[in-house]
Each structure stands twice: as structure tokens, then as C-alpha cells.
**Student:** 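Before I ask anything, let me first share the structure, which is written out below as C-alpha cells.
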Amino acid sequence: MFLVLAHRVRDAVAAHIRQRYDANVSVVIEQPRQSNFGELALPVCFSLAKTLKRAPRRIAEEMVTELPPIEGVASFEVAAGGYINVRFDRGAYGESLLCRTAAAPESSTRKIIVEHTNINPNKAAHIGHLRNAVMGDTLVRMLRRLGHTVEVQNYIDNTGVQVADVVVGFHFLEKKTPGQVQALVDDPDLRFDFRCWDLYARTSQHYKAEPESLEWRAATLHAIESDEGELAETGRIVSNAIVNKHLDTMGRIGVEYDLLPRESEILHLRFWDAAFELLKEQGAIVLEAEGKNKGCWIMPARLFQESLKTTRKLGRKGSAENQSEITEDQDQDKVIVRSNGTVTYVGKDIAYQLWKFGLIDKDFRYVSFRTYTDGRELWASSAGEGDASAPRFGHGEKIYNVIDVRQSYLQDVVRAGLRSLGFEQQARDSVHFSYEMVALTPRCCAELGIELTDEDKRRSFVEVSGRKGLGVKADDLIDMLIDKALEEVRSRHADTPEEEQHRIASEIAVGALRYFMLRFSRTTVIAFDLQEALSFDGETGPYVQYASVRARNILRTLAERGESLPDFDKQLDRMAFEEQLAQEDCWQLLLEASRGEWAIDRSVTAEEPAQLARYAFRLAQMFNNFYHQHHILNEPDEFRKTFLLWMARFFLGELTRVLDTMGIPSPKVM
RNA sequence: GGGCCUGUAGCUCAGUUGGAUAGAGCGCCUGGCUUCGAACCAGUAGGUCGGGGGUUCGAGUCCCUCCAGGCCCGCCA
């Protein structure tokens with residue numbers, strides 16, 4: 001509703017300005033700094049002042065008297081140096097929310113692909129992976145809420161060095177056969193992914209101590225790529241088992257996928273060959289005849305350096321000066337195909353990105369990988385037969401790649417690849433949804449018994465490292481959150497059955513975790529602090545969940561007292577809202593609660609999920625305040641009580657939807 | 001050496017394409033549970049927005065420069 005009205009005002013004012021002043025300026029809508037200024041603020045007169053060469057305040061005064069009436073708007077006011085503040089008709093606004101027929105968003109045929117999680121299938125997931133998955137999953141939920149068709153892909157690099165190193169550990173260090181590794185996977189008393197976590201660190205240490213053992217890695221990589229022999233078999237066992245563990249972990253926090261495209265199929269179905277031909281034809285890559293890259297197919301540096309400049313906000317001032325900086329420097333060229341004929345990681349990524357847009361004449365075959373409890377099917381790529389009933393994947397029109405910021409350079413190269421193939425639009429529609437890493441504070445390391453060098457101890461944070469085994473496992477963190485929540489739940493609801501207690505604790509844990517991962521903006525390094533992450537007070541997921549529980553409690557207690565919920569449609573009308581909403585705190589809460597869709601829209605446009613988290617917190621905060629001031633069930637005035645009950649119910653519905661958009665459950669009790 | 005990001009209250013962070021009196025949480029201090037359960041609410045204290053220039057009606061926000069910190073720049077993935 002808020003969004004509808006805001007757009008109506010924007011369009012009406014823009015039309016008025018075109019007609020009256022013959023000027024075409026974009027009408028920006030802001031939220032006033034102070035709530036008593038009104039519901040919308042228009043700074044448009046400031047920009048208009050430049051073209052009209054008149055004082056902004058004068059223009060505003062003139063415009064306020066000349067603007068035609070707009071449905072739902074009560075008044076316009078001039079403020080400060082030339083703002084136009086807009087006040088809504090409260091009665092009409094309330095009434096429109098009463099008989100709201102949640103207009104289903106127009107579903108578009110445009111498909112958006114979001115790729116996220118992408119964890120190497122060689123060890124347990126850690127907290128950095130959680131940030132990726134929560135951010136990606138929230139983006140998906142927001143897009144779907146806005147009516148988009150979204151396909152979620154979780155890319156599995158099952159042929160890379162990371163998997164190879166764990167295979168090396170099992171085969172060469174522990175002398176285990178594929179059968180013995182499979183036995184470890186099947187052992188119910190063993191966390192296979194935790195076992196691999198340690199083994200991976202051990203193998204890395206071994207390489208350091210005995211560099212000649214790196215031959216094992218080369219042999220294993222080769223075996224995995226050709227998919228022959230015991231090493232390859234162990235590789236399949238490891239990666240499949242770990243992928244399943246990752247899916248279980250993500251399932252705990254409500255993250256699901258549609259497709260697992262696997263690197264093994266990118267290789268075996270020769271996606272790269274198709275992409276290679278295209279790149280050669282278009283001259284995007286060239287065969288280097290001499291120098292350090294002799295015998296390699298390379299992408300010249302100027303391609304992605306120029307591409308960078310066009311993507312970023314138009315170069316600096318002197319472009320001539322900049323031109324000279326782009327030199328024919330071989331050091332900067334990016335090798336795509338090695339001199340031995342094998343393709344690099346970026347090359348495969350370009351091929352994959354082309355496939356996602358439907359730009360190469362190749363497709364995977366698909367097999368079902370698992371069925372989620374809600375009945376949704378998760379598919380995986382396959383080089384074999386494939387299932388004819390699989391849906392059509394790929395062919396996206398916009399692609400979000402949720403990958404941490406350290407991959408920016410490679411993502412730029414991928415985009416440059418598209419651009420030099422002439423796919424300008426697709427390059428623009430390839431979004432690197434980047435985010436900063438999750439690091440550990442020295443204090444956190446100390447609490448977890450992780451040894452640090454003296455140098456690291458002096459830093460404000462330490463990077464997570466799988467090779468060093470340095471990190472916090474996702475499942476460990478989730479377990480800690482559940483334990484802490486369970487303690488609280490037990491002390492508050494001693495009579496509740498244990499199973500129920502555990503369910504509530506899990507919901508609170510998920511809320512705490514997902515909110516924590518969302519509340520920081522994407523460019524902020526999260527210096528992970530255990531105590532901070534385990535907090536349930538203040539700006540946290542449980543705080544927001546608690547507000548919804550309070551609203552629910554009011555409605556439940558009403559029923560327990562034998563009173564029935566009033567028939568709001570009959571008892572409330574425009575006049576009633578006008579009267580009740582004259583009270584400022586009620587109006588402000590209602591207004592904020594009705595802004596959910598607007599918040600989601602803004603969050604997607606700004607490509608910043610943290611904005612939605614902050615909106616949810618602000619809304620919860622306002623309700624907690626409201627809750628404290630109005631003792632709804634004891635309200636003596638029946639009419640007012642009806643209104644307040646409606647407010648509680650409306651708030652509950654809206655907050656629940658926003659929480660759901662962030663993948664945060666709304667517990668029945670807390 | 002080049003590219004990107006960050007610097008705002010004691011700590012952790014927001015700050016809406018330049019706009020009205022710079023905000024929140026935590027922590028500290030004070031007050032509030034016989035209530036729809038306090039995982040809460042109210043209040044106090046706490047700021048040269050890293051430093052210096054510039055652009056204009058207006059700068060935490062844009063430009064330049066310096067300082068500090070982080071990430072990336074491989075025939076690894």
C-alpha cells in the first residue's frame with residue numbers, strides 16, 4: 001500500500017512538473033528525517049531550482065497551491081529551504097489496509113538465476129559459507145516476493161585441488177581404499193565432514209613439510225579429471241558425501257536449491273570446447289607466440305581493464321592520461337588455456353556463465369539429487385542418461401553470482417569474456433553480488449582454543465583458513481546457538497514437552513544466525529565474535545522474533561479468556577481509523593508495518609539485504625514500544641480495544657512476512 | 001608497483017542516487033515486572049564523521065591529496 005501511494009505521488013508530481021514547468025526531472029521520494037514532518041518528503045524543488053533559476057522555497061510554495069489533489073493524500077506542506085512534505089489521509093490509508101486483497105505480484109516470465117553457497121565439497125562448511133548462503137538465500141526470497149521467477153544454483157567444484165587434497169589424505173597418508181572411505185561415510189557415530197576438515201589440514205601440513213609429495217596431488221587431480229581408477233572413486237565418494245552434509249547443514253537454516261551444476265559435467269560434456277570456439281572466433285583470446293605465456297591462449301589485459309572502466313562509474317578526469325596506463329603489459333594478461341592444453345578455472349567459469357544465459361549450444365542432463373520435505377526437487381547435473389522429467393534449467397536473463405569480494409578480479413574477467421563475445425547486455429546483467437569475508441577475532445580464537453602467532457594476535461581479525469584448519473564450523477555454531485536458546489526456553493517454559501522446547505530453540509537459533517549474517521552491510525568484514533553472535537538481546541534475530549511472539553500472545557490470550565476476535569471488517573471503517581489513527585504512535589506503527597514491500601523493493605534495488613534486516617528491527621522496536629504503552633486486553637473502551645486488536649494482528653501478519661523473506665521463523669511462543 | 005574496499009560514540013555498526021537537529025545496538029549509570037511474561041520499555045552520559053584542501057545555496061556522502069588498515073593481482077581453484 002505504501003509503495004502504491006508513494007509511486008502515485010511521484011508520478012503525479014512528475015506529470016505536474018512536466019506540464020507546468022516543461023521540465024523533466026526525476027522525482028525522488030524520501031522518508032522525512034522526523035516522523036512529524038509527514039510521510040513522504042520531496043526534495044525535487046532543489047533540483048528544479050537549478051533549471052528554473054529560481055529559489056527552491058518559492059517554487060515549492062507555488063507548487064503546493066497548484067498541485068491537483070491526489071487520492072489518499074491529505075496535504076502538502078513546504079518545509080525548510082524548499083522541501084515538499086506529503087501527509088497521507090490516515091482514515092483512507094487505514095481502511096485500504098483493512099480490506100487488503102494482497103494483490104499477487106505480477107509474475108514475470110523473465111528468469112533470474114542466483115548462484116550461491118558454492119562450497120568446495122571436501123570438508124565441513126564454516127561460518128564464512130553461512131554468510132554466503134544466508135545472503136544468497138535472502139536475495140532469492142526477496143526476488144520471489146517481488147514476483148520474479150528465480151532459479152537457485154549451487155555450483156559444485158568436485159574436480160578441483162581441494163577435493164584432490166582430501167583424497168590424497170585418505171589414499172596416500174592413511175592408505176585407505178575407496179571401500180574403507182565409504183565405511184567412514186556410513187559410520188553413524190562419525191561426522192565425516194568434520195573428519196575431512198582435519199584431514200584436509202593435515203594434508204596441507206604434509207605438503208609443507210615434504211614438498212615432493214605434491215606429486216600425489218597432481219596424480220590425483222589427473223585421475224579425478226579422467227574419472228578412472230581408485231583415486232577417482234574415492235573422489236566421488238568424498239565429494240558426494242560432503243555435498244550431502246552441506247545440504248543438511250544449509251537445510252537446518254532453511255536454505256534450499258534447485259540445481260547442483262557440477263564441474264565434472266562441465267568437463268565431460270565439453271562445455272569448454274563450445275566456449276573455446278566462440279572465444280577464438282571473436283578474437284577474445286589469442287595464442288601467445290612468445291614471452292612468458294608462450295603457447296598459452298590468453299585474454300589480453302586491455303579487454304578486462306577497459307571493461308572495468310565502463311562498468312565502474314565512468315573513469316576519472318583525464319582519460320588521455322588513463323589511456324597511457326593501459327599498456328601492452330604481458331604481466332597483466334590472463335591465461336585461459338595453459339600451454340599443456342588444459343583450461344584454467346576462469347575459462348570454465350566463462351563457459352558456465354555462457355550456459356546460464358543459454359548462449360552455448362550445450363546442456364547438461366539431469367538427475368534428481370534429493371527431495372526436500374516440502375516436496376521440492378533438487379536436481380544435479382549428470383553426464384549419463386538423465387531424467388526426461390527434469391525441468392528446463394539455465395536460460396536466465398539476469399544472473400546474480402553470490403561470491404565473496406576476493407573473487408572480484410576473476411568475475412571481471414568473466415564479464416569481459418561475455419563483452420568481447422558481443423554479449424554486452426548479458427555482461428551488464430551479470431551481477432557479482434560480492435560481500436566481505438567473515439574473519440575471527442583473536443579473542444574468539446582464544447575462546448575456541450585456536451593457537452595464533454604473535455603477529456596474528458596483534459591484528460583486529462584473522463582470516464579463516466581451511467588449510468590451517470582455522471575456523472568455526474557452521475554446524476558447531478548452530479549447535480551452540482540451539483543450546484543457548486534451549487537453556488532460555490527451558491527456564492521460561494518448563495512445562496512444555498521437550499520436543500517442542502527443542503523446536504522453539506531451533507527456530508530462535510536460526511533467527512539469531514540469519515539476522516546476524518544479514519545485519520552487516522556487504523562491504524563490512526565481519527570480525528566474528530562468539531559472544532556477539534550468541535547474543536539474543538538488542539539488535540538480534542530473537543529480538544525481532546520476540547516482538548511477533550508478543551503480538552501472537554495477545555491474540556492467544558484473548559481466545560483463552562473465551563473472547564472471540566471482533567469482526568474487523570464490520571466494526572472498523574474509515575471514520576474509525578481517522579479517529580484512532582489521530583494518535584501519533586498508532587499511526588507511525590501502522591505506517592511502518594505497511595512498508596514491508598517497499599523495504600524489500602528498496603533492499604533489492606540497493607542490492608543490500610542488510611537494509612531489510614534493519615527495517616525488520618525498526619518495526620519490531622516500534623511494536624515493543626507500542627506493546628508497552630497499550631495494555632490491549634485491559635482496554636476498557638470496547639471500540640478502541642477492537643482497533644488495537646486489529647493493529648496487533650496487522651502487525652503480526654506483516655512482520656511474519658518480512659521475517660519469512662529473511663528465512664527467519666516466527667515461533668509460536670518464546 | 002597496480003586495482004578494489006574500509007576509517008562515524010568506549011566497543012560493534014547504520015546513515016535512504018548531496019538535504020532538515022549525525023542514529024542504533026552493546027557496555028556504563030538511573031528507573032520500571034501482582035499486567036497481553038522483562039529475550040522488554042523509558043531516561044542520563046558519550047561525536048574535531050581519520051587529517052588537510054576543493055566543488056555549491058548545502059558535504060559523513062562528490063573530487064584531490066596525505067595517513068592508517070584490509071583484500072586482490074599464478075600456466076592454483
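Heavy-atom basis, side chains included; hydrogens, waters and symmetry copies ignored.
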**Student:** Examine the side chains of A/Asn154 and A/Glu115 and answer whether a donor and an acceptor come within less than 3.5 Å of each other.
**Tutor:** no
**Student:** Got a sec: does the CZ of A/Arg87 have more than 12 other heavy atoms crowding it under 6.0 Å?
**Tutor:** yes
**Student:** Which residue pairs pass the salt bridge (charged side-chain N to carboxylate O under 4.0 Å, His left out) test with at least one member in residues 335-348 of chain A, sequence neighbours excluded?
**Tutor:** A/Glu263-A/Lys348
**Student:** Taking distance alone, no hydrogens or angles, what donor-acceptor pairs closer than 3.5 Å link side-chain atoms of residues 527-538 of chain A to residues at least two apart or in another chain?
**Tutor:**
from	atom 1	to	atom 2	distance (Å)
A/Asp529	OD1	A/Arg443	NH2	2.7
A/Asp529	OD1	A/Gln531	N	3.1
A/Asp529	OD1	A/Glu532	N	3.1
A/Asp529	OD2	A/Arg443	NE	3.2
A/Asp529	OD2	A/Arg443	NH2	2.8
A/Gln531	NE2	A/Glu447	OE2	2.9
A/Ser535	OG	A/Asp537	N	3.3
A/Ser535	OG	A/Asp537	O	3.4

**Student:** Which is true for A/Phe617 with a 4.0 Å heavy-atom rule: it touches a base, it touches only sugar-phosphate, or it touches nothing?
**Tutor:** sugar-phosphate
**Student:** Between the side chain of A/Asn85 and the main-chain N/O of A/Glu77, is any donor-acceptor distance below 3.5 Å?
**Tutor:** no
**Student:** Treat primed atoms plus P, OP1 and OP2 as sugar-phosphate and everything else as base, then score nucleotides 29-45 of chain B 5' to 3': B for base contact with protein heavy atoms under 4.0 Å, S for sugar-phosphate contact only, - for none.
**Tutor:** ------BBBSBSSS---
**Student:** Taking atom types as they are modelled, is there a donor-acceptor pair under 3.5 Å from the base of B/U21 to the side chain of A/Gln34?
**Tutor:** yes
**Student:** Of all the choices, B/A20, B/C13, B/U6, which nucleotide is nearest to the side chain of A/Pro32 once you look at every atom?
**Tutor:** B/A20
**Student:** By salt bridge (Lys or Arg N to Asp or Glu O under 4.0 Å), which residues pair with A/Asp585, not counting sequence neighbours?
**Tutor:** none
**Student:** Applying salt bridge (charged side-chain N to carboxylate O under 4.0 Å, His left out) as the test, list every pair that has at least one member in residues 544-556 of chain A; sequence neighbours left out.
**Tutor:** A/Arg556-A/Glu560
**Student:** Please determine, for the side chain of A/Ala41, which listed nucleotide (B/U6, B/U16, B/A20) has the closest atom?
**Tutor:** B/A20
**Student:** For A/Gln588 and A/Glu584, which I'm curious about, is there any donor-acceptor pair between the side chains at under 3.5 Å?
**Tutor:** yes
**Student:** Generate the contact string for nucleotides 68-77 of chain B. Rules: B means base contact, S means sugar-phosphate contact only, - means no protein heavy atom under 4.0 Å.
**Tutor:** --SSSS-BSB
**Student:** Is there a Watson-Crick or G-U wobble partner for B/A59 with both distances under 3.5 Å, and which nucleotide is it?
**Tutor:** none
